[in-house]
Visitor: 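Below is the structure I would like to discuss, written out as structure tokens.
Just so it is clear, the structure is predicted and the values come from calculations on it, not from any experiment. In what follows, every chain begins at residue 1, and chains take the letters A, B, ... in the order their sequences are listed.
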Amino acid sequence: MFFLSNLVNGLSLGSIYAIIALGYTMVYGIAKMLNFAHGDVIMVGAYVSFCAFQYWGLPPVVSILAAMVFCTVLGVVIEGTAYRPLRQATSLAVLITAIGMSYLLQNLALLIFKSDPKNYPAQIIGMPGISLFGGQLKISGVTLVTILANVVIMVLLTLFINRTKLGKAMRCVSEDRGAAELMGISVNRTISLTFAIGSALAAIAGVLLCSAYPIFDPYTGSMPGIKAFTAAVFGGIGSIPGAMVGGLLLGIIEILSRAYISTQLADAIVFAVLIVVLLVKPTGLLGKQIREKV
Amino acid sequence: MSEANQKSPLLKVNDIHVYYGAIHAIKGISLEVYDNEIVTLIGANGAGKSTTLNTIVGLLRPRQGTVELNGMNINGISASKMVSRGLSLCPEGRRIFQQMTVRENLEMGAYSRPAAEIAESLEEMFQRFPRLKEREKQIGGTLSGGEQQMLTMARALMSRPRLLMLDEPSMGLAPILVEQIFEIIKELHESGVTILLVEQNAQMALQVADRAYVMETGLITMQGRASELLHNDAVQKAYLGS
Ligand SMILES: Nc1ncnc2c1ncn2[C@@H]1O[C@H](COP(=O)(O)OP(=O)(O)OP(=O)(O)O)[C@@H](O)[C@H]1O
Ligand SMILES: [Mg+2]
């Protein structure tokens with residue numbers, strides 16, 4: 001039961017990583033850049049939903065939607081103002097800009113909300129938990145919602161990418177920007193859309209993350225951001241199923257190492273596994289070659 | 001096509017200069033394509049043929065000079081807006097979407113057209129390229145080189161272009177496929193498509209074209225009726241190997 005309970009917790013944490021990793025992987029696949037400010041959009045999502053619920057008294061669902069809308073706009077604005085002018089620049093210049101953007105978001109949050117941690121209200125995801133096996137295995141409402149949200153997001157996103165015209169346009173831009181333009185696809189609009197989707201997902205991740213680990217501050221997004229980036233690389237950056245697999249595995253490995261090996265070493269083990277995977281398969285678990293057959 | 005010159009050109013390129021950073025790739029080129037013509041642009045490797053086509057379609061920007069389509073200046077308009085203006089480029093090097101099926105590739109070619117019209121055009125392409133029909137569900141990257149070339153052409157045609165620009169459609173193909181490609185070019189021309197053709201295979205290009213331009217290191221060095229250039233000594237020496 002102890003193992004099962006840890007596995008469920010791992011799945012839940014992994015689901016959050018997977019949702020964040022989607023943002024990294026989609027932006028990387030389509031805009032060919034690492035958006036290091038992505039983690040901080042999670043933090044923004046957390047603060048917006050917090051304010052909407054706590055200060056403005058909006059209902060939980062509306063608070064979550066407000067966070068999603070705010071982050072979507074934020075993502076599109078960040079892309080349009082900071083990254084778009086650098087479309088022809090070297091990837092190093094773009095990377096540095098993204099890191100700068102990350103600090104900018106953190107410092108703006110510090111300015112507005114100060115550095116003291118806040119307590120995320122449990123009522124935002126006010127789902128009751130369930131208990132199985134005569135009370136031996138308890139699963140919290142947040143855990144259930146998180147796992148479910150991840151499944152729903154994956155299904156919807158996969159359908160969107162494979163079935164819709166805009167989703168197919170995204171795949172074209174990801175493969176060959178020039179050829180996509182020749183088809184009449186606007187590359188700028190497609191990249192904006194990618195940031196919009198990624199940022200809306202980051203907002204959801206922020207709500208889920210802070211519901212599971214309620215103490216948050218302006219730096220809350222950076223560590224999960226880095227872990228999710230690792231998950232994206234682990235699964236094969238650019239690949240959507242890869243983000244899913246990478247995120248889930250990373251969450252499970254992290255929780256199990258924490259439970260069975262050592263709390264302090266958990267992160268080290270996660271990164272050690274990553275290094276081994278990349279040594280054996282440099283493109284990540286579901287990197288390029290496999291994705292081509294999907 | 002003798003009366004063509006009296007009308008205003010469908011495409012008019014006016015003294016364009018194109019740079020790659022400090023490299024001056026196109027040093028002032030002017031050319032015209034009239035409705036219902038086949039015009040070919042020939043020249044050695046690196047002469048600037050692809051650069052010229054990419055500039056016309058808006059993937060590259062000229063630093064100087066203008067490109068006019070149907071009398072309208074299209075400088076600075078993004079490449080993604082060109083298909084809806086009737087200009088389609090079939091790029092060099094079979095740039096199909098490798099991870100998409102043959103059918104999806106063709107559908108992307110009709111991206112700017114209403115969904116209701118796509119089925120009909122698909123049928124048309126499958127008739128013109130029966131091999132693609134057999135491979136409708138195959139992933140693009142697994143097609144043979146020749147099949148990929150067919151797909152690139154068919155995809156460019158899915159937008160129903162008024163002016164089709166082809167960048168070396170016969171590159172790397174077996175002689176029989178080359179024949180087939182040129183056969184298709186003739187058919188397209190007969191069905192009313194205007195064609196600007198870039199080719200290494202100068203012999204065949206000059207045979208099929210009405211007029212021709214010869215490019216050398218960023219400049220046009222010769223131009224005229226294709227049939228005349230075909231028998232021109234300098235052209236024969238440089239490009240026809242005789
Ligand atoms: N992206 C680029 N960056 C720098 N220089 C380039 C680039 N693309 C082309 N060039 C240069 O511009 C010149 C013209 O190239 P272009 O591709 O237009 O030639 P081409 O006539 O199409 O040749 P080919 O027959 O080999 O396709 C060449 O000298 C080439 O090296
Ligand atoms: Mg070329």
Visitor: Do other residues, nucleotides or ligands put more than 12 heavy atoms under 6.0 Å from A:Y103 OH?
Guide: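 It does not: A:Y103 OH has 12 such atoms or fewer within range.
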Visitor: Near B:R61 CZ, under 6.0 Å, is it more than 12 heavy atoms from other residues, nucleotides or ligands?
Guide: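 Yes, the 6.0 Å shell around CZ holds more than 12 heavy atoms from other groups.
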Visitor: Using a cut-off of 6.0 Å, state whether more than 12 heavy atoms not belonging to A:Y83 lie near its atom OH.
Guide: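 Atom OH in A:Y83 is packed in, count exceeds 12.
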Visitor: Is the CZ atom of B:R131 crowded by more than 12 outside heavy atoms at less than 6.0 Å?
Guide: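 It does not: B:R131 CZ has 12 such atoms or fewer within range.
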Visitor: Checking A:E175 side chain against B:Q98 main chain: does a donor-acceptor pair fall under 3.5 Å?
Guide: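 Between the backbone of B:Q98 and the side chain of A:E175 there is a qualifying donor-acceptor contact (under 3.5 Å).
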Visitor: Do B:Q99 and A:R171 have side-chain heavy atoms sitting under 4.5 Å apart?
Guide: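 Answer no - side chains too far apart.
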Visitor: Highest number of heavy-atom pairs under 4.5 Å with chain A: which of B:M158, B:E107, B:E104, B:M82?
Guide: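 The option with the most such pairs is B:E104.
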Visitor: Rounded to the nearest 0.5 Å, how far apart are CG of B:L89 and CD of A:E181?
Guide: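 These two atoms lie 11.5 Å from each other.
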Visitor: Report yes if the side chains of B:F97 and A:K168 come closer than 4.5 Å at any heavy-atom pair, otherwise no.
Guide: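 When only atoms from C-beta onward are counted, A:K168 and B:F97 do not touch, as no gap falls below 4.5 Å.
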Visitor: Nearest 0.5 angstrom please: A:M183 CE to B:N105 CG, how far?
Guide: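 It is 8.0 Å, given to the nearest 0.5 Å.
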Visitor: Between A:C172 and B:M100, what is the shortest heavy-atom contact and its length?
Guide: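 For A:C172 and B:M100, the tightest heavy-atom pair comes out as SG-CE, 3.7 Å.
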Visitor: Should B:R155 and A:L182 count as side-chain neighbours, where that means a heavy-atom distance under 4.5 Å?
Guide: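 SC-SC contact between B:R155 and A:L182 ruled out.
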Visitor: Search all heavy atoms of B:M108 against all heavy atoms of A:I185 and return the closest pair with its distance.
Guide: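 Looks like CE-CD1, 3.7 Å.
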Visitor: Using non-hydrogen atoms only, which part of B:L87 is less than 4.5 Å away from chain A: side chain, backbone, both, or neither?
Guide: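 Neither part.
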Visitor: Please look at B:R85 and chain A and tell me whether the side chain, the backbone, both or neither of the residue comes under 4.5 angstrom of a heavy atom of that chain.
Guide: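 Nothing of B:R85, per the 4.5 Å heavy-atom cut-off to chain A.
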Visitor: Could you check whether atom OH of B:Y111 has more than 12 heavy atoms from other residues, nucleotides or ligands sitting under 6.0 Å from it?
Guide: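 Counting other residues, nucleotides and ligands, OH of B:Y111 exceeds 12 neighbours.
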